[in-house]
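This report refers to the structure that appears directly beneath it.
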Amino acid sequence: RASELMLQYHTHAATDITGYGLLGHAFEMAAASEVTFRIVTEMLPLMPHALELAEAGMIPGGANANRDFMMGRALIDSSVDENMIRVLYDPQTSGGLLIAVAEEDAGQFADELNQQHVFGQDIGQVIPQQEYPIVVVK
């Protein structure tokens with residue numbers, strides 16, 4: 001339903017979040033669009049206990065490959081917890097969608113998702129292209 005609803009709004013780009021983790025897929029979108037994604041970790045919807053599992057070392061090998069791939073492609077603020085960083089690279093995702101909707105449509109899009117009982121969460125902003133395609137802040 002989310003993919004159908006997004007077609008009713010000024011949607012600039014979208015992708016599913018799968019094996020490359022959130023940062024890998026966000027990078028692909030940002031780089032192709034020549035913009036920067038500013039991701040706010042405090043806004044991220046996480047699966048229960050994700051941070052605790054990361055702290056316990058429950059990190060799949062694919063997360064390390066994703067992290068290696070993203071070297072030099074993301075600027076992560078020093079205030080972001082290491083366990084959150086591990087989760088950002090984790091390839092084990094829900095397969096949800098990352099949708100870049102025009103700012104003027106974002107509120108109405110979120111309302112419509114809610115009315116349709118489809119979970120949606122604002123996780124940051126698309127900003128003019130910076131040195132890094134991805135900027136992660138707490």
Side-chain angles (χ1 to χ4, degrees):
R1 285 190 261 165
S3 65
E4 293 168 354
L5 287 174
M6 77 180 190
L7 298 176
Q8 300 174 29
Y9 295 90
H10 295 99
T11 302
H12 299 286
T15 188
D16 62 334
I17 306 300
T18 55
Y20 296 116
L22 176 61
L23 293 191
H25 286 287
F27 166 76
E28 289 178 334
M29 283 176 59
S33 301
E34 298 181 347
V35 295
T36 291
F37 282 19
R38 183 178 180 273
I39 297 172
V40 181
T41 60
E42 291 181 342
M43 298 170 74
L44 291 174
L46 300 179
M47 299 296 288
H49 310 292
L51 294 174
E52 291 89 349
L53 290 167
E55 184 174 13
M58 301 296 290
I59 306 297
N64 297 326
N66 289 344
R67 193 171 192 154
D68 290 345
F69 172 78
M70 287 298 297
M71 282 295 225
R73 295 181 167 130
L75 176 63
I76 300 177
D77 190 81
S78 62
S79 66
V80 177
D81 180 75
E82 178 60 31
N83 294 313
M84 176 62 77
I85 294 169
R86 291 176 180 138
V87 169
L88 291 170
Y89 291 115
D90 196 322
Q92 303 177 102
T93 62
S94 66
L97 298 175
L98 177 60
I99 304 171
V101 177
E103 187 173 4
E104 63 269 13
D105 285 350
Q108 188 174 354
F109 179 63
D111 290 344
E112 180 116 18
L113 287 172
N114 189 43
Q115 290 171 12
Q116 296 289 325
H117 306 288
V118 177
F119 177 78
Q121 176 69 40
D122 180 0
I123 64 166
Q125 304 83 32
V126 177
I127 59 175
Q129 190 173 34
Q130 309 288 307
E131 180 180 353
Y132 294 91
I134 305 296
V135 173
V136 180
V137 299
K138 187 173 180 185

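FYI, side chains are in, hydrogens and waters are out, and symmetry mates aren't considered; it's all heavy atoms of this structure.
- Note that CG of L22 is 9.5 Å distant from CE of M70, once rounded to the nearest 0.5 Å.
- I134 approaches F27 most closely through the heavy-atom pair CD1-N, 3.5 Å.
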message = Please determine whether side-chain contact (heavy atoms from CB on, under 4.5 Å) holds for the pair M29 and L98, giving the CA-CA distance in whole Å, both sets of side-chain angles, and the decisive distance to 0.1 Å.
response = CA-CA 9 Å; M29 283 176 59; L98 177 60; 3.8 Å; yes
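- Under the 4.5 Å side-chain criterion, counting only non-hydrogen atoms from C-beta, L113 is in contact with L5.
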inquiry  = For M84 and L44: C-alpha separation, side-chain torsions, deciding distance, then whether side-chain contact (heavy atoms from CB on, under 4.5 Å) applies.
reply    = CA-CA 10 Å; M84 176 62 77; L44 291 174; 4.1 Å; yes
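- Atom CD of Q121 and atom CG of L46 lie 10.0 Å apart (nearest 0.5 Å).
- Put simply, the side chain of E131 does not reach to within 4.5 Å of the side chain of L75, judged on heavy atoms.
- Here the straight-line distance linking atom CD of Q108 with atom CD of Q115 works out to 9.0 Å at 0.5 Å rounding.
- A distance of 12.0 Å separates OG1 in T41 from CG in N83, rounded to the nearest 0.5 Å.
- Going from atom CD1 of I39 over to atom CG of D77 covers 13.5 Å, rounded to the nearest 0.5 Å.
- With sequence neighbours excluded, no residue satisfies side chain to side chain donor-acceptor pair (under 3.5 Å) with N114.
- Ring-plane geometry between Y20 and F69 is classed as tilted, the angle between the planes lying from 30 to 60 degrees on a 0 to 90 degree scale.
- Ion pairing of E52 with R86 is absent here, as no side-chain N (NZ or NE/NH1/NH2) approaches a carboxylate O to less than 4.0 Å.
- With rounding to the nearest 0.5 angstrom, the CG atom of D16 is 5.5 Å from the NE2 atom of H25.
- Listed by chain and number, the residues in a ring-ring contact (aromatic ring centres under 6.0 Å, His included) with Y132 amount to none (sequence neighbours excluded).
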